[in-house]
Amino acid sequence: MCLSVEAFALFLNLLPIDLVDAAPDRVVIAATSGDVHWVAVEERWCTMAPQLDHITES
């Protein structure tokens, strides 16, 4: 799943700051089911979390 820079910034603003670890090209969000990694891909921020969740549920 990928989000625009604007949508990703809005999403991050909804989270408690202590759950977010940010670097210039990567953001890690501490979730109850494990850390979720977002990476910068051109003009978007992307994560494989939805696909990984689907694999682990199978």
Side-chain angles (χ1 to χ4, degrees):
M1 171 173 66
C2 293
L3 298 174
S4 68
V5 172
E6 295 83 4
F8 189 56
L10 177 62
F11 170 63
L12 291 177
N13 282 319
L14 297 173
L15 299 174
I17 193 69
D18 60 326
L19 297 182
V20 180
D21 181 22
D25 63 341
R26 178 175 305 269
V27 173
V28 180
I29 300 170
T32 56
S33 61
D35 291 348
V36 178
H37 296 254
W38 289 81
V39 294
V41 179
E42 297 178 9
E43 297 293 319
R44 303 176 73 97
W45 282 89
C46 301
T47 183
M48 293 293 292
Q51 292 88 343
L52 294 174
D53 288 345
H54 178 70
I55 290 169
T56 58
E57 291 173 359
S58 299

ask   = Taking the side chain as C-beta and beyond, is there a heavy-atom pair between Val27 and Phe11 under 4.5 Å?
value = no
Donor-acceptor pair, side chain of Ser4 and main chain of Arg44, under 3.5 angstrom = no
inquiry  = Please verify the inter-ring angle class for Trp38 with Phe8; under 30° counts as parallel, over 60° as perpendicular, anything in between as tilted.
reply    = tilted
inquiry  = Would you say Leu15 ends up clustered with Val5 if hydrophobic residues are merged whenever their side chains have heavy atoms under 4.5 Å apart, either directly or through other cluster members?
reply    = yes
message = Is there a path of hydrophobic side-chain contacts, each under 4.5 Å between heavy atoms, that joins Trp45 and Ile29?
response = yes
Value rounded to 0.5 Å, distance of CG in Leu3 from OG1 in Thr47 = 9.0 Å
note = Shortest non-hydrogen pair, Asp35 vs Ala30, comes out as OD1-CA, 3.6 Å
note = Note: Ala31 and Val36 closest approach over all heavy atoms is CB-CG2, 4.0 Å
